[in-house]
Amino acid sequence: MISLWHKHAPLACFAVAVLAALAFLAVRVPVPRVHDEFSYLLAADTYASGRLTNPAHPHWQHFESFHTIHQPSYASKYQPGQGGALAVGQALFGHPIHGSVLASGCAAAAVCWMLAAWLPPRWALCGGLLIALHPLILANWTLSYWGGALPMAAGALVFGASKRIADRPHITDAALLGIGATLLAATRPFEGLVLCLCVGVALLAAFWKSQEKQRLLLRGCVPTIGTVAAGLAMLAAYNHAVTGSAARMPYQVHEQTYGVSPLFLWQDAKPEPDYRHRELRRYYTGWGIEDFDRQRDLVGWADTKRQSMAGLLRFFAGGAMFLPVAAAVFTLRDPRTHLAWLALAASLAAALCVPWTYPHYLAPAAPLLLLLAVAGLRRGSVALRRSHPVAKHAVAAVLALQLVTLAGQLVLYARWQPEGWEFDRARILDNLEATGERHLVFVRYAPNHNVHAEWVYNRADIDAAPVVWAREMSPGQNAALIEHDAGRRVWLLKPDVEPRVLLPYPTH
């Protein structure tokens, strides 16, 4: 029975992660709030509709919003990975959040599979369960739309497959390595590239030392290169569909159109574009560049990165995870973990080079941290078992504490009464869709509007959507939009005036 459990450990980790998420979804489906979430939902709606992108709307200026582009086509600025996962949930189960749940289950399973290349089966199982029951991963990555689980799964595939290829090359592992690398390119391209370069150097070293170079080349390197080439070709086709150029990502179009802050700290700030809307200008020239401005000198850089690293530590090593992460020090002298240490260090170094640092940026390297944590916990428990017999129960204690923490979160989640602009937006949208009519809502912001509370996001097919959100512009432009879709009821919404209610739009 135990051996059967170990054999199917990745599947067990997948099931535990999914069931934990479904317990929360039974209480309430999360409502998108962050700009990134709306952008990923646009991508999901696009792909679920059978398209890679959407044609530019003739009145696209009314629909401009954060992290989306409208020229040369209407699309999310992000790579297609996370949007694709959400599209699977939308197409198969009727709601995109289920795609996020599946991605989290895959991440737990992939981490378990990765760990099995280094550790005994029961320890690999423990590592997968640590991910499946991780409270912050569930709250921030699973029960949201901006992801983190998919690049974590991709990183686990890359690192787990590379270890197996170095030990005993097999075409299946080579294909999984290529799939993982492609998923990294489709989710976190920069951080994924750093991780893949580390793995590539390690494989080159293994090839140089190997006594069976031909076998490693034919069963490892060639299938990996072929899979990666096919994946990059698909991403190039996607870029061409969205931007008109295979070598130009939607992210680049967005940054050229709206961005002021550079992508790397050694670059200079870009000239301010001509914005058509006050809110976009305030966001991109205010909050959007604040982190970069704070890091223009060494003192500001050090202070900002200190806070960022503290946030990463709280996320990945908070609560019950403190003991496993602290135990990673037991692996410092183990040569089998040196690659993991180096790749993790390189990923953290890459985070020091960009203006922003959030936990999901480090998702590709998260499996490496877990490998070090579980391996350290194993070595520590073995070393301390004779003098401290309780040490053998360390893993069980960590998993039990995680489970208790999740249960507490579930109780609080059930008791919490949702409030905030995002719930008002969802309520108004549901009420309008329930009428069975077609609606156009002009949004009029106050001068002091909070730019993080954005109402103007739309479905992939704007003209076919039952409810369209539009920025109010000049009377002539508003009239042209109303005439374009004359069958809609037209409303005015002032999000900064409470209670937030719809008013008939004054047409005279």
Open item on the list: Aromatic contact between Trp455 and Phe66, with the criterion being ring centroids under 6.0 Å apart: yes or no?
Closed with: no
Task: Of Tyr457, Trp469, Phe38, the residue whose pairing with Ser65 passes side-chain contact (heavy atoms from CB on, under 4.5 Å) - done: Tyr457
TODO: Measure from NZ or CZ of Arg471 to the centre of the six-membered ring of Phe442 and say whether it is under 6.0 Å with the direction within 45° of the ring axis.
DONE: no
Open item on the list: I'd like to know if the side chain of His439 pairs up with that of Trp491 as donor and acceptor (distance under 3.5 Å, no hydrogens or angles considered).
Closed with: yes
TODO: Please check if atom CZ in Arg282 has more than 12 non-hydrogen atoms from other residues, nucleotides or ligands closer than 6.0 Å.
DONE: yes
Open item on the list: In the structure I gave you, are the side-chain heavy atoms of Leu130 and Gln402 within less than 4.5 Å of one another anywhere?
Closed with: yes
Open item on the list: Quick test of your reading of the model: are Arg427 and Asp430 salt-bridged, counting only N-O distances below 4.0 Å?
Closed with: no
Task: Test item: Asp461 and Arg51 side chains (from C-beta on) under 4.5 Å apart, heavy atoms - done: yes
Task: Any donor-acceptor N/O pair, Gln252 side chain to Met249 backbone, under 3.5 Å - done: yes
- [ ] Sort out for me which residue in Tyr358, Trp141, Tyr361 forms a ring-ring contact (aromatic ring centres under 6.0 Å, His included) with Phe315.
- [x] Trp141
- [ ] Using a 4.5 Å cut-off on heavy atoms from C-beta on, say whether the side chain of Trp416 contacts that of Arg28.
- [x] yes
- [ ] Please determine which of Leu176, Leu232, Ile179 meets the side-chain contact (heavy atoms from CB on, under 4.5 Å) test together with Thr227.
- [x] Ile179
Task: Ring centre gap for His57 and His62 strictly below 6.0 Å - done: no
- [ ] Please name the pair of heavy atoms, one in Val88 and one in Leu102, separated by the smallest distance, quoted to 0.1 Å.
- [x] CG1-CD1, 4.3 Å
Task: Thr68 side chain reached by Tyr78 side chain, heavy atoms, under 4.5 Å - done: no
- [ ] Check whether any side-chain heavy atom of Val354 lies under 4.5 Å from a side-chain heavy atom of Leu263, and answer yes or no.
- [x] no
Open item on the list: Measuring only between side-chain heavy atoms, which start at C-beta, is Tyr238 closer than 4.5 Å to Thr53?
Closed with: no
TODO: For residues Val456 and Tyr445, report the shortest heavy-atom separation together with the two atoms involved.
DONE: N-OH, 3.9 Å
Open item on the list: Can you confirm if the NZ or CZ of Arg306 lies within 45° of the ring axis of Trp301 and under 6.0 Å from the centre of its six-membered ring?
Closed with: no
Open item on the list: Is the ring pair His254/His67 parallel, tilted or perpendicular, if the boundaries are 30 and 60 degrees?
Closed with: tilted
Task: Spacing of CD belonging to Glu191 relative to NE2 belonging to His360, to within rounding of 0.5 Å - done: 8.5 Å
Task: Modelled atom types, side-chain donor and acceptor of Thr304 and Gln307, under 3.5 Å - done: no
- [ ] Kindly indicate whether the side chain of Pro495, heavy atoms from C-beta on, has any atom under 4.5 Å from the side chain of Trp421.
- [x] no
Task: Non-hydrogen atoms of Pro364 and Leu184 that approach each other most closely - done: CB-CD2, 3.6 Å
- [ ] Indicate whether any N or O donor in one side chain lies under 3.5 Å from an N or O acceptor in the other, for Lys305 and Thr357.
- [x] yes
TODO: Check the side chains of Tyr275 and Glu64 for a donor-acceptor pair under 3.5 angstrom, ignoring hydrogens and angles.
DONE: no
- [ ] Answer yes or no: is there a donor N or O on one side and an acceptor on the other, between the side chain of Gln71 and the main chain of Ala56, under 3.5 Å?
- [x] no
TODO: Determine the interplanar angle of the Tyr258 and Tyr284 rings, folded into 0 to 90°, and report it as parallel if under 30°, tilted if 30 to 60°, perpendicular if over 60°.
DONE: parallel
- [ ] Could you tell me whether Glu437 and Arg488 make a salt bridge, using a distance below 4.0 angstrom between a side-chain N and a carboxylate O?
- [x] no
Task: Over all atoms of both residues, closest heavy-atom pair of Asp485 and Asp463 - done: OD2-O, 3.9 Å
Task: Centroid separation Phe264 to Phe190 less than 6.0 Å - done: yes
- [ ] Would you tell me whether Asp36 and Tyr145 have side-chain atoms, one donor and one acceptor, within less than 3.5 Å of each other?
- [x] no
